[in-house]
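Working notes, structure below.
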Number of protein chains: 2
Amino acid sequence: MTTLKDVAKRGGVSAKTVSRVVNRDPMVSDETRAAILRLVDELGYIPNDAARQMRTQNSRTVGFLTDVIATTPYSVDIVRGVQEELRAEGRTMLIANSGGMEEHEAEYWRMFRAQRAAGALYATMFHRAVDINAVEFTSPVVLVNCFDRRHRFAAVLPDDFTGGYTQAKHLLDMGHRRIGLVSVNPILRAEGLRRKGIDKAHGEARLELDDKLVRPGMVGNIGAERLVAYEAALELLKGKKRPTAIICGHDQIALQVMSAAAELGLRVPDDLSIIGYDDQHTITEALRPALTTVALPYYEMGRTATLLLNDLIAGRETPQQPVLVACPLVIRQSCRPPK
Amino acid sequence: MTTLKDVAKRGGVSAKTVSRVVNRDPMVSDETRAAILRLVDELGYIPNDAARQMRTQNSRTVGFLTDVIATTPYSVDIVRGVQEELRAEGRTMLIANSGGMEEHEAEYWRMFRAQRAAGALYATMFHRAVDINAVEFTSPVVLVNCFDRRHRFAAVLPDDFTGGYTQAKHLLDMGHRRIGLVSVNPILRAEGLRRKGIDKAHGEARLELDDKLVRPGMVGNIGAERLVAYEAALELLKGKKRPTAIICGHDQIALQVMSAAAELGLRVPDDLSIIGYDDQHTITEALRPALTTVALPYYEMGRTATLLLNDLIAGRETPQQPVLVACPLVIRQSCRPPK
DNA sequence: TTCTGCTATGACAACGTTGTCAGTGGGGGT
DNA sequence: ACCCCCACTGACAACGTTGTCATAGCAGAA
């Protein structure tokens, strides 16, 4: 592998001069610069990051640790958002996936430290509270989609409260007065937040969500969840005072609600409006009718978190409170005013 | 940050002895070892990978470059598979996503080289041919889900031929004699391969796939695809000699076919059997009836590719031909014998 | 001419680690 | 008693880069 010295030797200059050229130091004559640049190109010289890092004592890499990727595939958009901003700063990303296992997590924090990462992001696939045990790791850390119980770390979260509000308001504005809710797993923090938003929208319309029309669409602990939205929706829709619209905790739940509606011969959106959450394209765009939903802004969250991390690394001021990212309404074909 | 020398000073030994301890060199007395290990723990010493790498001239990091993550979310399982095997070898993964843009790709190859990565994986989100332009990068490269036109690189691919065969055979064995096909995008390599498999299964049953029952379920160039499976399925199912089963190019297509069936009042699987491809859990497990499908073994492919890369890095023998990974049948509720 | 100030360049050390080689000291064999 | 061998330890250099400081050369001012 070509080194600085190789280039210097061939160019008849000192290593330091070559270093100046590749680092764009203006203190080099145009002549020398041109000659060296030609040589760099010819020899295919690429600076050794490890040596650089050792000398300058500062790393351009950032660690990215996630729990389980598998369950909610679209959350990988966080990675895209992170990457986008890291590129802008010329940083590289070291990625690791703990699979939710503590011992792996510790191992990876250690690894990030061994790499002397300038900072790290910790992302979860569900919006939840976590207990970060990164004693080994001393650089700044930003949490994405989760928050630290002891508020020791900066965090970026989806605005689930407003998201729930948005879902309900969209239906209420259309004139729906009897709305059902097949919610996300009650153990998730998102559930309570969204419910508050849904209640607020109802309050503004001088209505109240009927508790008899509320069911969890998913139950069980993380990693052992079970979808029960199909059965829940059947119950809701078989009742005598059927809702004209159903708010769903996520798009898979919406899919099951739609299957239940089909099973009962109800047409969507004519007989029943359905609104989802997450905006998982594989479902929302493929489904007929296409699913109106509220999007989880994973990409935006990744970007926001990375900007925050950049600030922390640079020692700039950052907000004390978790940063909330808006969940936008995506209107498609599954909602319309009741008959 | 604590260094080897700090530990050595506190322990009253030489740096080299500490180095021996952390590298598990047996040539250290038990007494010294115990004392040093205690100190390492106390001071929170973690070896500096950059320095190590510089001294030993060999890197434990591997680069992982992908094109577009977004479109087929489950393909991130490749990452999980890769990670699993990398951990086993104590390697770290540097990840980058080109978004399909050439200039970013070149930038990342350069970055991998700057990090002196021991090797790299290049994964695409669709099974396709690629033109790798990694002149900058001289370590071994393994392609995942794609292959090099000039066969310069090792590759790991899904066995689409057998996958198509599996789909058709499952239906034929159940007694279906009139089978429709709503295929993946014809520009994808998978399409032709699977079709050959489907034809083979028909041949073995002394049947032939009726070309009038074949439609593409998706059209358009990569990045600008359009799902047309819903309309295709309507056509197929409205014809007078309706198929009793439909083979789908992927699970989203199956979702649309199911919507079309519902629209026409056909019940699945009673009136129509449907088999998907990919096994995107968000769809296959949420849908009612749950979708029988053939799984794309992303996780396995990631593992296999990494094992291959490990071999290449170690200079061991590797197969000349692309390695094919089997696509297993996942039986759920959407297929049954025709009435 | 001599001095000042500036541009352009280089010599050298250091970052943290490990490979090489040279000890040191104690136990066992003769 | 002597020597040899072996287990253990340390001094030193080197990996590739850049920060610090020194210096050479030259233009312009005095």
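Remember, predicted model here, so these are calculated numbers, not experimental data. What you see below is based on every heavy atom in this structure, not just the backbone, and it leaves out hydrogens, waters and symmetry mates. Each chain gets a letter, A, B and so on, in the order the sequences are listed, and its residues count up from 1.
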Should the pair [X]-[Y] be classified as a salt bridge under the 4.0 Å nitrogen-to-oxygen rule?
X	Y	value
B/Arg38	B/Asp41	no
B/Glu107	B/Arg110	no
A/Asp160	A/Arg189	no

Nearest-Å distance, [atom1] ([X]) to [atom2] ([N])?
X	N	atom1	atom2	result
B/Lys5	C/dA14	NZ	C1'	8 Å
A/Leu4	D/dC15	CG	P	13 Å
B/Arg116	D/dG16	CZ	C1'	9 Å
B/Arg55	D/dC12	CZ	C1'	11 Å
B/Gln53	D/dA14	CD	C1'	16 Å
A/Gln57	C/dA14	CD	P	14 Å
A/Glu31	C/dT7	CD	P	18 Å
B/Ile36	C/dT17	CD1	P	14 Å

- [ ] Estimate the overall bend of the helix from C/dT1-D/dA30 to C/dT30-D/dA1 from the end axes over five pairs each, rounded to 10 degrees.
- [x]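 Both end axes considered, the difference amounts to 60°.
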
Please confirm whether the shortest side-chain N or O distance from [X] to OP1 or OP2 of [N] is below 4.0 Å.
X	N	value
A/Thr17	C/dG10	yes
B/Arg20	D/dC8	no
A/Asn48	D/dC15	no
A/Thr3	D/dG16	no
A/Thr56	C/dC15	no
B/Ser29	D/dC8	no
A/Arg52	D/dG16	no

Checking side-chain polar atoms at under 3.5 Å, does [X] have a donor or acceptor matched by the opposite partner on [Y]?
X	Y	answer
A/Asn310	A/Arg91	yes
B/Arg116	B/Asn58	no
A/Tyr298	A/Arg80	no
A/Ser98	A/Asp67	no

- [ ] Between C/dT9, D/dC15, C/dG16, spot the one nearest the side chain of A/Met54, thanks.
- [x]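 Among the listed nucleotides, the one closest to the side chain of A/Met54 is C/dG16.
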
Open item on the list: Counting only side-chain heavy atoms from C-beta out, which of D/dA11, D/dT18, C/dA8 sits nearest to A/Met27?
Closed with: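 That would be C/dA8.
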
Task: NZ or CZ of A/Arg113 within 45° of A/Tyr108 ring axis and under 6.0 Å - done: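 No, A/Arg113 does not sit over the ring of A/Tyr108.
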
Task: Residue met sooner reading DNA chain D from 5', once B/Asp30 and A/Ala51 are mapped to nucleotides - done: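 This one resolves to B/Asp30.
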
